[in-house]
Amino acid sequence: MNSYSRSLAGVCLALTTLLSAAVAPARAQDYPTRSITMIVPFAAGGPTDVIARIVTAHMAQTLGQSIIIENVVGAGGTTATARASRAANDGYTLITGHMGTHAASVPLYPNLAYHPEKNFEPVGLLAGTPILILARKDFAPKDLKDFVTYVKANAEKVNAAHAGIGSVSNVSCQLLHSILGVQPISVPFNGTGPAMNALVAGQVDYMCDQIVNAVPQINAGTIKAYAVATPQRNPSLPNVPTTAEAGLPAFQAQAWNAIFAPKGTPAPIIAKLNAAAAKALDDENVRKRLLELGSVIPQPADRTPEALATLVKNEITKWTAVLKPAG
Ligand code: ASP
(Lines give C-alpha, C1' and ligand atoms only; values in the text may rest on other atoms or scores of the structure.)
Protein backbone atom coordinates (compact mmCIF):
# COMPACT_ATOMS: atom_id res chain seq x y z
CA MET A 1 0.00 0.00 0.00
CA ASN A 2 1.66 3.34 -1.03
CA SER A 3 1.81 6.36 1.30
CA TYR A 4 -1.15 8.06 -0.44
CA SER A 5 -3.49 5.09 0.07
CA ARG A 6 -2.18 4.67 3.66
CA SER A 7 -3.07 8.28 4.50
CA LEU A 8 -6.46 7.91 2.77
CA ALA A 9 -7.14 4.79 4.87
CA GLY A 10 -6.15 6.76 7.99
CA VAL A 11 -8.56 9.56 7.12
CA CYS A 12 -11.39 7.07 6.47
CA LEU A 13 -10.75 5.35 9.80
CA ALA A 14 -10.78 8.68 11.65
CA LEU A 15 -13.99 9.75 9.91
CA THR A 16 -15.67 6.40 10.72
CA THR A 17 -14.67 6.70 14.36
CA LEU A 18 -15.92 10.27 14.55
CA LEU A 19 -19.17 9.37 12.77
CA SER A 20 -19.90 6.35 14.98
CA ALA A 21 -19.20 8.45 18.08
CA ALA A 22 -21.58 11.10 16.77
CA VAL A 23 -24.44 8.68 16.01
CA ALA A 24 -24.09 6.67 19.28
CA PRO A 25 -26.07 9.17 21.40
CA ALA A 26 -28.70 9.47 18.62
CA ARG A 27 -28.91 5.65 18.47
CA ALA A 28 -29.34 5.51 22.25
CA GLN A 29 -31.91 8.33 22.11
CA ASP A 30 -34.05 6.47 19.54
CA TYR A 31 -33.59 3.09 21.25
CA PRO A 32 -35.31 0.71 20.76
CA THR A 33 -36.12 0.86 17.07
CA ARG A 34 -36.62 -2.93 16.64
CA SER A 35 -37.45 -6.01 18.71
CA ILE A 36 -35.18 -7.04 21.58
CA THR A 37 -33.95 -10.58 22.32
CA MET A 38 -34.03 -11.67 25.97
CA ILE A 39 -31.94 -14.81 26.47
CA VAL A 40 -33.20 -17.12 29.22
CA PRO A 41 -30.43 -19.59 30.17
CA PHE A 42 -32.80 -22.43 31.04
CA ALA A 43 -35.67 -24.39 29.55
CA ALA A 44 -39.10 -22.82 29.19
CA GLY A 45 -41.42 -23.16 32.17
CA GLY A 46 -38.75 -22.87 34.85
CA PRO A 47 -38.45 -20.03 37.37
CA THR A 48 -36.10 -17.90 35.28
CA ASP A 49 -38.31 -18.26 32.22
CA VAL A 50 -41.49 -17.50 34.18
CA ILE A 51 -40.05 -14.37 35.81
CA ALA A 52 -38.53 -13.15 32.54
CA ARG A 53 -41.81 -13.57 30.64
CA ILE A 54 -43.90 -11.82 33.31
CA VAL A 55 -41.61 -8.79 33.52
CA THR A 56 -40.62 -8.44 29.85
CA ALA A 57 -44.26 -8.58 28.71
CA HIS A 58 -44.76 -5.29 30.57
CA MET A 59 -41.37 -3.85 29.57
CA ALA A 60 -42.28 -4.37 25.91
CA GLN A 61 -45.33 -2.13 26.36
CA THR A 62 -43.18 0.62 27.90
CA LEU A 63 -40.43 0.36 25.30
CA GLY A 64 -42.82 0.06 22.36
CA GLN A 65 -41.00 -2.93 20.89
CA SER A 66 -41.50 -6.68 21.31
CA ILE A 67 -39.12 -8.57 23.57
CA ILE A 68 -38.53 -12.07 22.26
CA ILE A 69 -37.58 -14.74 24.80
CA GLU A 70 -34.89 -17.12 23.56
CA ASN A 71 -34.34 -20.18 25.76
CA VAL A 72 -30.70 -21.25 25.43
CA VAL A 73 -29.86 -24.24 27.66
CA GLY A 74 -26.82 -26.12 28.90
CA ALA A 75 -24.08 -26.21 31.52
CA GLY A 76 -26.17 -24.78 34.34
CA GLY A 77 -26.96 -21.63 32.36
CA THR A 78 -23.34 -20.80 31.55
CA THR A 79 -23.65 -21.71 27.86
CA ALA A 80 -26.27 -19.02 27.34
CA THR A 81 -24.45 -16.54 29.55
CA ALA A 82 -21.21 -16.94 27.63
CA ARG A 83 -23.14 -16.38 24.42
CA ALA A 84 -24.81 -13.26 25.82
CA SER A 85 -21.42 -11.90 26.90
CA ARG A 86 -20.29 -12.01 23.23
CA ALA A 87 -23.43 -10.38 21.82
CA ALA A 88 -23.41 -6.89 20.31
CA ASN A 89 -23.56 -4.23 23.04
CA ASP A 90 -26.35 -2.33 21.25
CA GLY A 91 -29.15 -3.10 23.70
CA TYR A 92 -30.87 -5.62 21.42
CA THR A 93 -29.55 -8.74 23.17
CA LEU A 94 -30.12 -9.07 26.92
CA ILE A 95 -30.07 -11.95 29.38
CA THR A 96 -32.08 -12.78 32.49
CA GLY A 97 -29.36 -14.18 34.71
CA HIS A 98 -29.38 -15.16 38.34
CA MET A 99 -27.44 -16.13 41.44
CA GLY A 100 -26.07 -19.14 39.55
CA THR A 101 -25.07 -17.69 36.17
CA HIS A 102 -23.78 -14.39 37.61
CA ALA A 103 -22.26 -15.52 40.91
CA ALA A 104 -22.02 -19.21 41.92
CA SER A 105 -20.67 -20.28 38.51
CA VAL A 106 -17.49 -18.25 39.09
CA PRO A 107 -16.07 -20.62 41.77
CA LEU A 108 -17.57 -23.71 40.10
CA TYR A 109 -16.17 -23.26 36.58
CA PRO A 110 -12.37 -22.59 36.63
CA ASN A 111 -12.40 -21.78 32.91
CA LEU A 112 -15.71 -19.91 32.82
CA ALA A 113 -15.90 -18.17 29.40
CA TYR A 114 -17.09 -14.91 30.96
CA HIS A 115 -16.93 -12.94 34.18
CA PRO A 116 -20.21 -11.52 35.53
CA GLU A 117 -18.58 -8.19 36.37
CA LYS A 118 -16.12 -7.81 33.49
CA ASN A 119 -18.37 -8.93 30.62
CA PHE A 120 -21.75 -7.54 31.60
CA GLU A 121 -23.49 -4.29 32.42
CA PRO A 122 -25.98 -4.74 35.28
CA VAL A 123 -29.43 -3.51 34.21
CA GLY A 124 -31.61 -4.30 37.20
CA LEU A 125 -32.78 -6.85 39.78
CA LEU A 126 -36.18 -8.42 39.01
CA ALA A 127 -37.06 -10.73 41.90
CA GLY A 128 -35.73 -12.53 44.94
CA THR A 129 -36.65 -16.21 44.95
CA PRO A 130 -36.54 -18.11 48.26
CA ILE A 131 -35.40 -21.72 47.98
CA LEU A 132 -37.53 -24.66 49.10
CA ILE A 133 -36.67 -28.28 49.79
CA LEU A 134 -39.18 -30.19 47.65
CA ALA A 135 -39.85 -33.91 47.20
CA ARG A 136 -42.01 -36.25 45.16
CA LYS A 137 -45.30 -36.63 46.97
CA ASP A 138 -44.72 -40.28 47.96
CA PHE A 139 -41.13 -39.79 49.18
CA ALA A 140 -40.90 -41.63 52.54
CA PRO A 141 -39.80 -38.80 54.92
CA LYS A 142 -42.85 -37.01 56.31
CA ASP A 143 -41.06 -33.85 57.52
CA LEU A 144 -37.66 -32.15 57.38
CA LYS A 145 -36.28 -34.00 60.41
CA ASP A 146 -37.22 -37.32 58.80
CA PHE A 147 -35.78 -36.09 55.49
CA VAL A 148 -32.40 -35.36 57.12
CA THR A 149 -32.31 -38.78 58.84
CA TYR A 150 -33.43 -40.60 55.69
CA VAL A 151 -31.02 -38.86 53.29
CA LYS A 152 -28.08 -39.40 55.66
CA ALA A 153 -28.95 -43.11 55.92
CA ASN A 154 -29.60 -43.59 52.18
CA ALA A 155 -27.27 -41.07 50.50
CA GLU A 156 -26.02 -43.59 47.95
CA LYS A 157 -29.59 -44.43 46.90
CA VAL A 158 -31.50 -41.12 46.89
CA ASN A 159 -31.26 -38.66 44.01
CA ALA A 160 -31.53 -34.89 43.75
CA ALA A 161 -32.69 -33.15 40.55
CA HIS A 162 -31.15 -29.84 39.43
CA ALA A 163 -30.63 -27.61 36.39
CA GLY A 164 -26.95 -28.27 35.81
CA ILE A 165 -23.70 -27.46 37.61
CA GLY A 166 -23.82 -23.86 38.78
CA SER A 167 -27.60 -23.52 38.58
CA VAL A 168 -29.52 -22.26 41.59
CA SER A 169 -31.02 -25.68 42.24
CA ASN A 170 -27.58 -27.27 42.03
CA VAL A 171 -25.69 -24.89 44.29
CA SER A 172 -28.54 -24.63 46.82
CA CYS A 173 -28.64 -28.40 47.24
CA GLN A 174 -24.82 -28.52 47.28
CA LEU A 175 -25.03 -26.23 50.31
CA LEU A 176 -27.69 -28.51 51.87
CA HIS A 177 -25.59 -31.60 51.17
CA SER A 178 -22.47 -30.04 52.70
CA ILE A 179 -24.46 -29.25 55.85
CA LEU A 180 -25.74 -32.84 56.00
CA GLY A 181 -22.37 -34.32 54.99
CA VAL A 182 -23.86 -36.34 52.12
CA GLN A 183 -23.35 -36.59 48.35
CA PRO A 184 -26.48 -38.18 46.83
CA ILE A 185 -27.00 -39.11 43.18
CA SER A 186 -27.26 -35.97 41.06
CA VAL A 187 -29.80 -35.81 38.19
CA PRO A 188 -29.29 -32.79 35.86
CA PHE A 189 -31.95 -31.24 33.62
CA ASN A 190 -31.95 -28.27 31.23
CA GLY A 191 -33.90 -26.30 33.78
CA THR A 192 -36.08 -26.86 36.82
CA GLY A 193 -39.12 -26.65 34.59
CA PRO A 194 -38.35 -30.14 33.21
CA ALA A 195 -36.96 -31.18 36.61
CA MET A 196 -40.28 -30.28 38.23
CA ASN A 197 -42.11 -32.45 35.69
CA ALA A 198 -39.88 -35.36 36.71
CA LEU A 199 -40.52 -34.66 40.42
CA VAL A 200 -44.30 -34.58 39.87
CA ALA A 201 -43.99 -37.84 37.94
CA GLY A 202 -42.06 -39.37 40.84
CA GLN A 203 -39.00 -39.99 38.63
CA VAL A 204 -36.64 -38.15 41.01
CA ASP A 205 -36.67 -37.95 44.82
CA TYR A 206 -36.12 -34.30 45.76
CA MET A 207 -34.91 -30.89 44.65
CA CYS A 208 -33.88 -27.51 46.03
CA ASP A 209 -35.76 -25.05 43.84
CA GLN A 210 -36.82 -21.46 43.56
CA ILE A 211 -40.25 -20.87 45.06
CA VAL A 212 -41.80 -19.50 41.83
CA ASN A 213 -41.53 -22.98 40.31
CA ALA A 214 -43.09 -24.77 43.26
CA VAL A 215 -46.12 -22.81 44.48
CA PRO A 216 -48.60 -24.12 41.88
CA GLN A 217 -47.45 -27.74 42.39
CA ILE A 218 -47.51 -27.53 46.18
CA ASN A 219 -51.00 -26.00 46.13
CA ALA A 220 -52.11 -28.74 43.73
CA GLY A 221 -50.70 -31.42 46.06
CA THR A 222 -48.57 -32.98 43.30
CA ILE A 223 -45.31 -32.58 45.29
CA LYS A 224 -44.45 -31.90 48.90
CA ALA A 225 -42.44 -29.09 50.46
CA TYR A 226 -40.44 -29.75 53.62
CA ALA A 227 -39.37 -26.17 54.29
CA VAL A 228 -38.48 -22.76 52.89
CA ALA A 229 -34.86 -21.74 53.46
CA THR A 230 -35.51 -18.15 54.59
CA PRO A 231 -35.83 -16.65 58.08
CA GLN A 232 -39.59 -16.03 57.62
CA ARG A 233 -42.33 -18.13 56.03
CA ASN A 234 -43.41 -17.01 52.57
CA PRO A 235 -46.87 -15.38 52.28
CA SER A 236 -47.65 -17.52 49.22
CA LEU A 237 -47.06 -20.72 51.25
CA PRO A 238 -48.18 -19.94 54.82
CA ASN A 239 -48.25 -23.61 55.82
CA VAL A 240 -44.68 -24.40 54.75
CA PRO A 241 -42.33 -24.05 57.74
CA THR A 242 -38.97 -22.34 57.60
CA THR A 243 -35.87 -24.53 57.80
CA ALA A 244 -35.25 -23.07 61.27
CA GLU A 245 -38.73 -24.03 62.48
CA ALA A 246 -38.27 -27.49 60.97
CA GLY A 247 -34.95 -28.09 62.74
CA LEU A 248 -32.31 -27.14 60.13
CA PRO A 249 -31.53 -23.44 60.76
CA ALA A 250 -28.13 -23.72 59.09
CA PHE A 251 -29.75 -24.10 55.65
CA GLN A 252 -30.57 -20.58 54.46
CA ALA A 253 -30.79 -19.96 50.71
CA GLN A 254 -32.44 -17.30 48.56
CA ALA A 255 -31.73 -16.76 44.87
CA TRP A 256 -32.46 -13.77 42.65
CA ASN A 257 -33.08 -13.10 38.96
CA ALA A 258 -31.83 -9.97 37.17
CA ILE A 259 -31.35 -8.48 33.71
CA PHE A 260 -27.84 -7.99 32.29
CA ALA A 261 -26.57 -6.50 29.02
CA PRO A 262 -23.21 -7.07 27.29
CA LYS A 263 -20.33 -4.90 28.54
CA GLY A 264 -20.19 -1.56 26.78
CA THR A 265 -23.92 -1.21 26.20
CA PRO A 266 -24.39 2.60 26.22
CA ALA A 267 -25.49 4.07 29.57
CA PRO A 268 -28.63 5.79 28.13
CA ILE A 269 -29.81 2.38 26.86
CA ILE A 270 -29.13 0.76 30.25
CA ALA A 271 -31.09 3.59 31.88
CA LYS A 272 -34.07 3.08 29.53
CA LEU A 273 -34.11 -0.66 30.22
CA ASN A 274 -33.74 -0.13 33.94
CA ALA A 275 -36.63 2.35 33.98
CA ALA A 276 -38.85 -0.05 32.01
CA ALA A 277 -38.05 -2.93 34.39
CA ALA A 278 -38.71 -0.74 37.44
CA LYS A 279 -42.02 0.38 35.93
CA ALA A 280 -42.98 -3.28 35.41
CA LEU A 281 -42.21 -4.05 39.06
CA ASP A 282 -44.58 -1.22 40.09
CA ASP A 283 -47.41 -2.50 37.88
CA GLU A 284 -50.14 -4.07 40.02
CA ASN A 285 -50.74 -7.03 37.69
CA VAL A 286 -47.04 -7.82 37.42
CA ARG A 287 -46.70 -7.53 41.20
CA LYS A 288 -49.73 -9.76 41.77
CA ARG A 289 -48.35 -12.51 39.53
CA LEU A 290 -44.84 -12.34 41.00
CA LEU A 291 -46.07 -12.23 44.61
CA GLU A 292 -48.54 -15.10 44.23
CA LEU A 293 -45.56 -17.17 43.01
CA GLY A 294 -43.66 -16.27 46.17
CA SER A 295 -41.21 -13.77 44.64
CA VAL A 296 -39.69 -11.03 46.74
CA ILE A 297 -40.07 -7.82 44.72
CA PRO A 298 -37.06 -5.53 45.24
CA GLN A 299 -37.53 -2.11 46.79
CA PRO A 300 -36.79 0.80 44.38
CA ALA A 301 -33.36 1.37 45.97
CA ASP A 302 -32.41 -2.24 45.17
CA ARG A 303 -33.46 -2.00 41.51
CA THR A 304 -30.67 0.31 40.28
CA PRO A 305 -27.79 -0.95 38.09
CA GLU A 306 -25.41 0.06 40.86
CA ALA A 307 -27.31 -1.99 43.45
CA LEU A 308 -27.17 -5.01 41.13
CA ALA A 309 -23.43 -4.54 40.62
CA THR A 310 -22.96 -4.60 44.41
CA LEU A 311 -25.21 -7.67 44.75
CA VAL A 312 -23.22 -9.57 42.09
CA LYS A 313 -19.92 -8.70 43.78
CA ASN A 314 -21.17 -9.78 47.20
CA GLU A 315 -22.76 -12.97 45.88
CA ILE A 316 -19.57 -14.04 44.06
CA THR A 317 -17.69 -13.60 47.35
CA LYS A 318 -20.38 -15.44 49.33
CA TRP A 319 -20.73 -18.47 47.04
CA THR A 320 -16.96 -18.73 46.52
CA ALA A 321 -16.60 -19.05 50.30
CA VAL A 322 -19.45 -21.57 50.49
CA LEU A 323 -18.65 -23.73 47.47
CA LYS A 324 -14.86 -23.88 47.45
CA PRO A 325 -14.68 -25.92 50.71
CA ALA A 326 -17.65 -28.04 49.55
CA GLY A 327 -15.52 -28.95 46.55
N1 ASP B 1 -33.41 -20.98 37.50
C2 ASP B 1 -33.28 -22.20 36.73
C3 ASP B 1 -34.47 -22.40 35.85
O4 ASP B 1 -35.19 -21.48 35.66
C5 ASP B 1 -33.17 -23.34 37.63
C6 ASP B 1 -31.97 -23.27 38.42
O7 ASP B 1 -31.16 -22.32 38.29
O8 ASP B 1 -31.80 -24.21 39.17
O9 ASP B 1 -34.66 -23.47 35.34
Side-chain angles (χ1 to χ4, degrees), residues 38-56 69-84 94-109 112 116 125-135 159-177 184 186-200 204-217 223 225 228-229 251 253-260 289-290 293-296 311-312 315-316 318-319 322-323:
M38 174 63 79
I39 294 175
V40 167
F42 299 96
T48 307
D49 184 69
V50 165
I51 289 171
R53 288 178 194 273
I54 290 172
V55 178
T56 58
I69 300 284
E70 188 176 347
N71 299 86
V72 177
V73 301
T78 58
T79 301
T81 311
R83 181 166 137 186
L94 307 170
I95 184 167
T96 299
H98 67 12
M99 171 271 263
T101 58
H102 284 74
S105 290
V106 172
L108 285 173
Y109 287 88
L112 194 59
L125 182 63
L126 297 184
T129 50
I131 299 299
L132 285 98
I133 304 174
L134 308 166
N159 61 63
H162 59 84
I165 302 295
S167 64
V168 163
S169 47
N170 172 250
V171 299
S172 305
C173 255
Q174 275 201 47
L175 174 60
L176 175 64
H177 295 154
S186 154
V187 184
F189 291 81
N190 277 334
T192 49
M196 181 58 76
N197 295 339
L199 195 70
V200 169
V204 289
D205 290 330
Y206 68 92
M207 178 161 73
C208 302
D209 198 13
Q210 293 165 277
I211 192 167
V212 296
N213 201 29
V215 170
Q217 300 300 345
I223 60 170
V228 59
F251 185 52
Q254 168 155 330
W256 42 269
N257 287 270
I259 297 178
F260 296 89
R289 291 185 65 194
L290 289 175
L293 290 174
S295 304
V296 177
L311 176 66
V312 168
E315 288 279 282
I316 291 172
K318 170 186 159 187
W319 286 101
V322 166
L323 293 171

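Atoms within a ligand are numbered from 1 in the order they appear, just like the ligands themselves. These figures come from a predicted structure and were not determined experimentally.
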**OP:** Sequence neighbours left out, what passes side-chain contact (heavy atoms from CB on, under 4.5 Å) with Gln254? Give chain and number order.
**Re:** Pro130, Thr230, Val296
Identify all side-chain donor-acceptor contacts of residues 204-215 below 3.5 Å with residues at least two apart in sequence or on another chain.
{"residue": "Asp205", "atom": "OD1", "partner": "Arg136", "partner atom": "NE", "Å": "2.8"}
{"residue": "Asp205", "atom": "OD1", "partner": "Arg136", "partner atom": "NH2", "Å": "3.0"}
{"residue": "Asp205", "atom": "OD2", "partner": "Asn159", "partner atom": "N", "Å": "3.0"}
{"residue": "Tyr206", "atom": "OH", "partner": "His177", "partner atom": "NE2", "Å": "2.7"}
{"residue": "Asp209", "atom": "OD1", "partner": "Thr192", "partner atom": "OG1", "Å": "3.1"}
{"residue": "Asp209", "atom": "OD2", "partner": "Thr192", "partner atom": "OG1", "Å": "3.4"}
{"residue": "Asp209", "atom": "OD2", "partner": "Asn213", "partner atom": "ND2", "Å": "2.6"}
{"residue": "Gln210", "atom": "NE2", "partner": "Thr129", "partner atom": "OG1", "Å": "2.9"}
{"residue": "Asn213", "atom": "ND2", "partner": "Thr192", "partner atom": "O", "Å": "2.7"}

Original post:
For residues His102 and Thr81, is any side-chain donor paired with an opposing acceptor at under 3.5 Å?
Top reply: no
Original post:
With sequence neighbours left out, what residues match Arg53 under salt bridge (Lys or Arg N to Asp or Glu O under 4.0 Å)?
Top reply: Asp49
**OP:** Could you tell me whether a side-chain N or O of Ser169 sits under 3.5 Å from a main-chain N or O of Ala163, the two making a donor and an acceptor?
**Re:** yes
**OP:** Identify the heavy atoms of Ala44 and Pro194 that sit nearest to each other, and give their distance.
**Re:** O-CD, 4.5 Å
Subject >> Neighbour list for ligand 1 [protein residues, heavy atom under 4.0 Å] >> reply: Phe42, Gly46, Pro47, Thr48, His98, Ala163, Ser167, Val168, Ser169, Gly191, Thr192, Gln210
